[in-house]
Structure formats: structure tokens, C-alpha cells
Amino acid sequence: MPRKLVNINAYADGQGFLGDIGEFEEPKLAIATDDWRGGGMLGPVKQDMGLEAQEATLTMGGHTAALIRKFGTTAIDGVQLRLVAAYRADDGSAAQAVEIYLGGRFSEIDLGKGKPGEGTEHKYTVPVAYYRRVVDGVVEVEIDMLNGVFIVDGIDRYAEIMAILLS
């Protein structure tokens, strides 16, 4: 049975938003590529050129002044976000804890439409400088764009490049 999201909570700079968070869109993990076709090759191949930019979104159930106050921070990783999710399969197995850690800043806050007597949603867009995904206490992926860290399943896939640059 697949594990499905049962519930989530969000934290921004340590402050919790249980009951306020409506939806979270994780950043896409994508390798930046460039086409290369050299002499003798039958066709082009995609060469690894690093990582694509990452972006996440939070959708809150309404007005959240504490988040709006974080807009305009000058540090590229000035807002620290932590998303905690519980996933469960309907096969009797234990629920799985998934934590997402993000360092970024709000590039856009969409306050949407407001109409008396109807629900509202505010959407926060976060370009990501730092990303870490932890599943049941194990770091699955860690990406630090500023410091050249790219760890997947315990292997730093960029360590060799950083060793050359820092020698």
C-alpha cells in the first residue's frame, strides 16, 4: 500500500502554524542539463551541469501576520522553514515522519481574494537556498546551494568538485 499524507504542520523561524497550514508544495529536485553531441555520436546526450533552482510554496488558511512580517528580508536564506508531515499506509505499518527543512526568503506573497463570509488563502513562494529532507530521522537529501553540498543517501555527490575548488 502506498504511504499517503495524513497531516502536516509548518514552522517558520521556530514558530508553529498547526491549524493554519493548508498546503505545501515541495521544491522539485532537478538536475540542470545541457545537450552535447560530439563527433561520432549518434545523437545528443544530456550532460550534468549542476542543479536547477528550487522553489517551494506554502498555502495558509488565511491571514498570518507573522509570515507577512518576514517579507523583504535581505538574507538569501533569511527565513528558516520546517515542514513536518505524517505519512501512513493502510497496511497496519507505523506512520512515517517526513521533515522538510528550507532556508530561503519569500519572493512573493499572494494574498488572494477576500470576501466576507468566505474562506481565504494566502500563498507564500520561497526560492530555496537550502533544502534537507529527513525520513524517520534519516537524511535522504541535503542541498546547500551556497556551500556546494549535494548529499543523497549519505553520499556527497559534489564533494570531489568542492575538494578541487578549496585546495
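In this text, all values refer to a predicted model and were calculated from it rather than measured experimentally.
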Minimal non-hydrogen separation, D91 against M1, with atom names: CB-CG, 3.9 Å
message: Please tell me whether F24 and V6 are part of a single hydrophobic cluster in this structure, the criterion being side-chain heavy atoms less than 4.5 Å apart.
response: no
query: Between S93 and R3, is any pair of side-chain heavy atoms under 4.5 Å apart?
result: yes
query: Would you call P127 and I76 a side-chain contact if the rule is heavy atoms closer than 4.5 Å?
result: no
- request: State, to 0.1 Å, how close K70 and A12 come at their nearest heavy-atom pair, and which atoms those are.
  value: CE-CB, 4.0 Å
message: Can you give me the closest heavy-atom contact between A56 and V128, atom names plus distance?
response: N-CG2, 4.0 Å
task: May I ask you to test the T33-M49 pair for a side-chain heavy-atom distance under 4.5 Å?
output: no
query: Quick one: do Y11 and M60 end up in the same hydrophobic cluster if we chain Ile, Leu, Val, Met, Phe, Trp and Tyr together by side-chain heavy atoms under 4.5 Å apart?
result: no
- prompt: How close do N147 and M162 get, heavy atom to heavy atom, and via which atoms?
  reply: O-CE, 3.7 Å
message: Suppose we call two aromatic rings close when their centres sit under 6.0 Å apart. Are F71 and F106 close by that rule?
response: no
For Y101, the rest of its hydrophobic cluster, which grows through side-chain links under 4.5 angstrom: Y130, V134, V139
Distance, nearest 0.5 Å, that separates OG1 of T125 from CG of L58: 9.0 Å
L18-I100 co-clustered via ILVMFWY side chain contacts under 4.5 Å: no
Lys/Arg N to Asp/Glu carboxylate O, D35 vs K46, below 4.0 Å: yes
field: Separation of L51 CG from R157 CZ (nearest 0.5 Å)
entry: 11.0 Å
message: Between S167 (side chain only) and I164 (backbone N and O only), is there a donor and an acceptor less than 3.5 Å apart?
response: yes
- request: Please check if the side chain of R82 supplies one atom and the backbone of E99 the other of a donor-acceptor pair under 3.5 Å.
  value: no
task: Examine V79 and V84 and state if one hydrophobic cluster contains both, with Ile, Leu, Val, Met, Phe, Trp and Tyr joined whenever side-chain heavy atoms are less than 4.5 Å apart.
output: no
query: Taking the side chain as C-beta and beyond, is there a heavy-atom pair between V126 and T57 under 4.5 Å?
result: no
message: I need the N7 CG to R88 CZ distance, nearest 0.5 Å.
response: 10.0 Å
- request: Compare all side-chain heavy atoms of Y124 with those of D110 and state whether any distance is below 4.5 angstrom.
  value: no
T59 OG1 to I21 CD1 distance, which is reported to the nearest 0.5 Å: 7.0 Å
field: Exceeds 12 heavy-atom contacts within 6.0 angstrom, atom CZ of R69
entry: no
- prompt: Where do A10 and L83 come nearest, in terms of heavy atoms and distance?
  reply: CB-CD1, 3.5 Å
task: Indicate the atoms forming the closest heavy-atom contact of Q54 with L29, along with that distance.
output: NE2-CD2, 3.2 Å
query: Would you call E26 and R133 a salt bridge, using N to O less than 4.0 angstrom?
result: yes
statement: Rounded to the nearest 0.5 Å, the CG atom of L165 sits from the CD atom of E160 at a distance of 10.5 Å
Gap between atom CD of Q96 and atom OH of Y87 - 0.5 Å precision: 9.0 Å
message: With a sphere of 6.0 Å drawn around NZ of K123, does it hold more than 12 non-hydrogen atoms of other residues, nucleotides or ligands?
response: no
Apart from V149 itself, residues in the same hydrophobic cluster as defined by side-chain heavy atoms under 4.5 Å: I151
message: Can you confirm whether F150 sits close enough to I161 that some side-chain heavy atom of one is under 4.5 Å from a side-chain heavy atom of the other?
response: no
message: Evaluate D144 against Y131 for side-chain contact (heavy atoms from CB on, under 4.5 Å), listing each step before the verdict.
response: CA-CA 6 Å; D144 186 336; Y131 170 85; over 6 Å; no
- request: Indicate whether the side chain of D156 and that of Y158 have a donor and an acceptor atom separated by less than 3.5 Å.
  value: no
